[in-house]
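This report concerns only the one structure given below.
Atoms within each ligand, like the ligands themselves, are counted from 1 in listed order. The first residue in the sequence is number 1, and the count goes up from there. Every value quoted in this text rests on a predicted model; they were computed, and no experiment measured them.
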Amino acid sequence: MKCTRCREPAEIHLRAHNSAFCRECFVFFFRRRVQKAVERTGMFEGCSRILVAVSGGKDSLALWDVLAEAGHTTVGYHLALGIGSYSDHSLETTRRFASERGFELHVDSLAEEGLAVPDMMRATRRPACAACGTAKRHHFDTAALHLGCDAIATGHNLDDEAARLLGNVLHWQMDHLARQRPIMQPTHEKFVRKVKPLYLTSELETATYAFMRGIDYVVDECPNAVGATQLTYKAMLDRLESASPGTKLSFVRDFLERGVDAFAAREGGSAGTSCQQCGMPSYGLLCSFCSLREAVARKAASAAATSAGTARAHDS
Ligand code: SF4
């Protein structure tokens with residue numbers, strides 16, 4: 001098979017685009033697709049410094065590479081989640097990627113705050129991903145504010161967006177459908193816009209870009225992702241894509257062009273007050289992350305009281 005662009009031997013065949021590319025032309029194609037998505041949506045209009053949320057996986061590292069190569073001023077931000085060796089490996093990979101390229105990287109650690117994801121999960125009895133999502137949102141927002149960034153870019157790709165859209169449609173999550181956009185405008189002066197520049201590039205394309213650019217990324221999934229409903233949706237969409245290439249792309253793109261505005265009235269309002277602990281926008285006295293932090297502290301205090309009581313009983 002020959003490269004659609006230069007007629008040299010192709011290394012990758014993209015059925016969704018009815019095209020094949022050699023290495024050099026694929027890198028060109030991928031960057032141009034991301035750039036077009038950025039330009040069409042005005043994603044970075046008025047932005048001078050972009051915080052890239054980097055997990056160490058292929059999507060976020062490929063995104064950082066593309067944005068930096070396109071000349072944007074970027075700052076990497078990694079939140080270490082405290083999920084055993086998976087988190088250690090993710091941090092190490094992210095640090096290596098940044099230092100090899102001389103990129104600015106900031107790191108926060110949930111474990112150092114006493115809030116590793118497994119601890120939050122035990123203390124609150126909430127699913128790991130719910131606690132993790134709350135911690136990520138809080139830290140990304142806070143980091144963008146403190147580092148003087150005017151946008152937060154995440155590596156959500158087409159497969160993520162298609163699976164999320166399918167889940168939202170299956171359960172008619174009207175509020176979530178209203179917010180399923182590649183740009184989320186800030187709802188408070190302490191927030192910045194959140195953007196997803198890879199929303200129209202597939203997981204296959206991102207993985208191929210990372211491979212062809214020699215990016216070393218974490219291949220393993222987070223252990224908490226096992227059994228996640230989103231993976232079931234992804235598997236179903238993969239079957240549809242295999243039978244009818246381009247399905248995921250048209251599902252997401254057509255929703256954004258023809259469907260999302262129908263849900264606009266469901267978009268939530270802004271947070272009305274400030275969290276008493278951290279000062280970030282909040283709907284109540286405490287923001288959801290500080291509420292989580294309180295729950296973990298209460299659990300730790302009660303465990304300490306129980307163990308002190310047991311020790312006293314043992315001594316007497
Ligand atoms: Fe966090 Fe892992 Fe869940 Fe992803 S799968 S949200 S990294 S706990």
Q: Return the residue, atom name and 0.1 Å-rounded distance of the protein heavy atom closest to atom 4 (Fe) of ligand 1.
A: Lys136 NZ, 4.0 Å

Q: Check whether the ring centres of His139 and Tyr77 lie less than 6.0 Å apart, and answer yes or no.
A: no

Q: Report yes or no: is the cationic atom of Arg193 (NZ for Lys, CZ for Arg) under 6.0 Å from the centre of the six-membered ring of Phe191, at an angle within 45° of the ring normal?
A: no

Q: Take Phe29 and His17 through the test ring pair (Phe, Tyr, Trp, His ring centres under 6.0 Å) and record every step on the way to the result.
A: CA-CA 11 Å; Phe29 163 84; His17 300 286; 5.3 Å; yes

Q: Indicate yes or no for a side-chain donor-acceptor contact from Glu161 to the backbone of Val252 under 3.5 Å, with no hydrogens or angles considered.
A: no

(Q) Using a strict threshold of under 4.0 Å (side-chain N to carboxylate O), is an ion pair present between Arg15 and Glu241? (A) no

Q: Check whether any N, O or S atom of Cys129 sits under 2.8 Å from atom 2 (Fe) of ligand 1.
A: no

Q: Number the atoms of ligand 1 from 1 as they appear, then name those within less than 4.0 Å of a heavy atom of Leu81, with their elements.
A: 7 (S)

Q: Select one of side chain, backbone, both or neither to describe which atoms of Cys132 lie under 4.0 Å from any atom of ligand 1, heavy atoms only.
A: side chain

Q) Tell me, which protein residue and heavy-atom name are nearest atom 2 (Fe) of ligand 1, and how many Å apart are they? A) Cys222 SG, 2.3 Å

Q. Considering only the protein, which heavy-atom contact is closest to atom 8 (S) of ligand 1, and what is its distance?
A. Asn224 ND2, 3.5 Å

